[in-house]
A.B. asks: 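Provided herewith is a single structure, encoded as structure tokens, for subsequent inquiry.
Every number for a ligand or one of its atoms is a count from 1 in the order of the listing. What you see below is based on every heavy atom in this structure, not just the backbone, and it leaves out hydrogens, waters and symmetry mates.
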Amino acid sequence: MAKASDLFIEALESEGVEYVFGIPGEENLDFLDSLSRSASIRLILTRHEQAAGFMAATYGRFTGKAGVCLSTLGPGATNLVTAAAYATLGGMPMLMITGQKPIKKSKQGRFQILDVVDMMGPITKYTHQLASADNLPSRVREAIRVAEEEKPGAVHLELPEDIAAEDSDQRPVPRSYVRRPVAEDKAIRAAIARIEAATAPLLVIGAGANRKLCSKMLTRLVERRGIPFVTTQLGKGVVDEAHPLFMGNAALSAGDFVHRAIGAADCIVNVGHDVVEKPPFFMTPGGAEVIHVSFRPAEVDPVYFPQLEVVGDIANAIWRIKNHLKAQDHWEFGRMMAVKRAHDADLREGADDPRFPVYPQRLVAEVRAAMPRDGIICLDNGVYKIWFARNYLAHQPNTVLLDNALATMGAGLPSAMAAHLVNPERKVMAICGDGGFMMNSQELETAVRLGMNLTCLILNDSAYGMIRWKQAHMGFQDWGLAYDNPDFVKYAESYGASGDRVESAAALAPLLARCLGTPGVHLIDCPVDYSENDEILNRRIAAASAAV
Ligand SMILES: Cc1ncc(C[n+]2csc(CCOP(=O)(O)OP(=O)(O)O)c2C)c(N)n1
């Protein structure tokens with residue numbers, strides 16, 4: 001016989017869980033006590049449940065295995081809501097475990113009680129209250145199976161206090177060996193025929209292609225068959241963006257060089273398309289033909305109605321296409337390459353701009369120069385995300401973590417902390433607006449306490465810059481979006497981190513080098529000038545790309 005909370009931990013151990021991120025409440029004390037005896041699972045105690053959820057989701061994003069987070073009932077569980085949405089929209093496997101008052105007998109009325117199982121319904125793939133210790137092992141297995149299955153996302157289990165204390169003679173259900181279904185031969189042959197018949201085929205690499213094996217297969221397809229490619233924001237780095245056949249990232253919705261390159265294609269192989277991202281291109285009747293390659297069939301809408309679907313495991317489909325596809329003499333990429341040359345020149349513009357506060361182009365160039373090829377940048381959500389997606393070339397998958405799904409603020413620092421835990425030997429940088437940083441800045445304490453090595457770069461414009469940019473663009477008056485910041489240097493130091501302020505554009509590079517080269521948690525307060533964002537992002541780029 002084992003206590004249910006012990007059985008829960010054993011079930012998590014049998015799943016290979018390494019961390020439980022979170023904040024326990026009194027309803028989790030049996031679980032916590034059982035966790036204290038685990039030899040393989042470590043508790044990462046955080047300062048906010050939302051941050052714990054962002055960390056668990058990011059762990060899932062890196063490993064493909066469900067990251068686990070923990071909270072109490074009511075207020076702890078509501079704090080997990082944003083992270084659940086982040087994981088589900090972003091395709092990151094995550095298991096949330098929340099406590100609850102006893103369900104069989106309770107004398108506490110409705111104190112702190114919410115229907116958490118129902119609350120999690122719209123934002124998870126599975127949500128369930130454990131009502132018996134005997135069912136616990138199969139429920140844990142099922143929850144994790146669902147979280148990790150394509151498209152990955154958040155799942156939720158509620159463990160009430162009295163169930164946690166029950167005894168059971170059940171054992172954990174072992175993980176099963178699962179293979180994803182693969183596409184039919186006919187679909188693969190049809191795709192090959194269409195790509196071979198095209199004049200200018202192009203690969204568009206999206207969120208669903210950001211999986212371990214896909215990256216390898218897509219790189220081979222690009223290299224061996226010489227097909228150009230573009231990436232979406234969540235597809236960044238799946239194939240090395242420094243490759244001569246890289247045509248750009250769909251950071252802006254329209255009017256950029258990348259859209260000119262897409263316009264030059266007559267057959268688009270759209271790999272891992274996820275409707276959660278704004279469409280990287282709009283289909284038009286009579287326009288380029290589209291082949292949809294994904295785990296799931298295409299969701300059709302007015303601008304997306306692919307003529308051919310290759311549905312099944314993406315890596316397998318690309319591998320088979322690559323094996324049988326023959327590069328064609330009639331393929332003609334002259335137009336795309338002309339766009340690429342103009343695009344490359346545009347990306348170099350402003351990289352050495354001496355003005356201060358620092359301009360976004362210089363900032364991106366400095367961070368790229370400071371980060372090794374396998375270094376990981378974790379972006380919070382703000383206007384700089386567009387600049388990084390567009391101008392920062394990612395060399396490897398998951399080296400640019402950004403959220404182009406829920407697009408929430410507050411995930412920059414927690415996701416960097418998880419990135420460090422999963423990749424302790426690599427350089428990790430959180431890049432946050434002053435607004436987004438302050439939404440989870442308390443986790444500096446967690447990072448310092450756990451002896452993490454990471455640098456947090458704060459882009460300081462004393463405003464919610466992204467909204468200010470949209471406000472200006474839409475012709476509204478500049479109102480309601482500015483604030484004052486704390487002294488970030490002192491703030492960092494009060495947590496036991498190092499704090500530095502950038503005083504000139506030239507000072508940024510040596511400071512980045514010093515922080516990245518020194519163990520510990522570092523915070524850099526970098527004043528930025530966004531005054532030209534509207535002019536550049538909305539007009540100058542569109543004019544320059546239209547001229548090619
Ligand atoms: C949790 C959350 N609240 C509000 C928003 C809307 N929003 C998007 S970007 C942004 C401003 C971000 O400001 P900051 O972090 O300072 O970055 P900046 O754009 O100034 O570089 C806001 C308010 C959001 N995406 N997420």
Side-chain angles (χ1 to χ4, degrees), residues 48-54 57-58 78-90 123 233-234 251-253 276-278 357-364 366-367 377-392 400-416 429-444 456-474 476 478-486 488 491 501-502 508 523-538:
H48 196 296
E49 292 86 352
Q50 186 187 87
F54 288 151
T58 305
T78 54
N79 274 351
L80 283 177
V81 164
T82 303
Y86 170 79
T88 296
L89 291 196
I123 47 174
Q233 290 191 33
L234 289 171
L252 291 169
S253 305
V276 81
E277 290 200 270
K278 286 183 190 161
V358 182
Y359 276 66
Q361 298 95 314
R362 168 112 192 219
L363 183 97
V364 175
E366 296 288 4
V367 173
I377 60 168
C378 302
L379 306 184
D380 208 282
N381 200 62
V383 67
Y384 52 88
K385 192 176 89 173
I386 297 175
W387 283 109
F388 275 91
R390 186 178 181 277
N391 289 27
Y392 184 99
V400 178
L401 261 56
L402 53 74
D403 171 16
N404 195 35
L406 182 66
T408 181
M409 294 166 72
L413 177 58
S415 63
M429 195 186 298
I431 301 175
C432 306
D434 41 17
F437 171 71
M438 288 303 286
M439 287 200 181
N440 270 315
S441 63
Q442 76 286 343
E443 298 308 327
L444 281 177
C456 182
L457 178 63
I458 301 179
L459 311 182
N460 190 340
D461 67 335
S462 294
Y464 291 120
M466 173 87 158
I467 312 303
R468 211 178 203 184
W469 166 47
K470 303 261 170 166
Q471 192 180 46
H473 182 61
M474 292 168 79
F476 291 112
D478 180 6
W479 191 83
L481 293 164
Y483 45 67
D484 297 324
N485 279 314
F488 284 124
Y491 188 74
R501 184 168 298 114
V502 179
L508 180 56
L523 192 145
I524 301 175
D525 175 9
C526 180
V528 284
D529 190 329
Y530 284 155
S531 59
E532 291 185 5
N533 271 349
D534 189 37
E535 174 59 22
I536 300 175
L537 294 175
N538 289 321

A.B. asks: Among Lys278, Arg390, Lys385, which residue meets the side chain to side chain contact (heavy atoms under 4.5 Å, CB included) test with Gln233?
C.D. replies: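 Exactly one pass, corresponding to Lys385.
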
A.B. asks: Can you list the residues that meet the ring pair (Phe, Tyr, Trp, His ring centres under 6.0 Å) rule with Phe388, with sequence neighbours excluded?
C.D. replies: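 Ring pair (Phe, Tyr, Trp, His ring centres under 6.0 Å) check on Phe388 returns Tyr392.
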
A.B. asks: Could you pull out all residues at least two apart from Tyr530 that satisfy ring pair (Phe, Tyr, Trp, His ring centres under 6.0 Å)?
C.D. replies: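 Tyr530 satisfies ring pair (Phe, Tyr, Trp, His ring centres under 6.0 Å) with no other residue.
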
A.B. asks: Dump the intermediate steps for side-chain contact (heavy atoms from CB on, under 4.5 Å) on Leu402 and Asp380, then the final yes or no.
C.D. replies: CA-CA 7 Å; Leu402 53 74; Asp380 208 282; over 6 Å; no

A.B. asks: If you count only heavy atoms, which residues are under 4.0 Å from ligand 1?
C.D. replies: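 Asn381, Gly382, Val383, Tyr384, Ala407, Thr408, Met409, Gly433, Asp434, Gly435, Gly436, Asp461, Ala463, Tyr464, Gly465, Met466, Ile467, Tyr483, Tyr530.
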
A.B. asks: Roughly how far, to the nearest 0.5 Å, is the CG atom of Asp478 from the CZ atom of Arg468?
C.D. replies: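 The CZ atom of Arg468 sits 4.0 Å away from the CG atom of Asp478.
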
A.B. asks: Tell me, please, which residues at least two apart from Asp403 pass side chain to side chain donor-acceptor pair (under 3.5 Å).
C.D. replies: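 Counting only residues at least two positions away or on another chain, Asp403 forms no side chain to side chain donor-acceptor pair (under 3.5 Å).
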
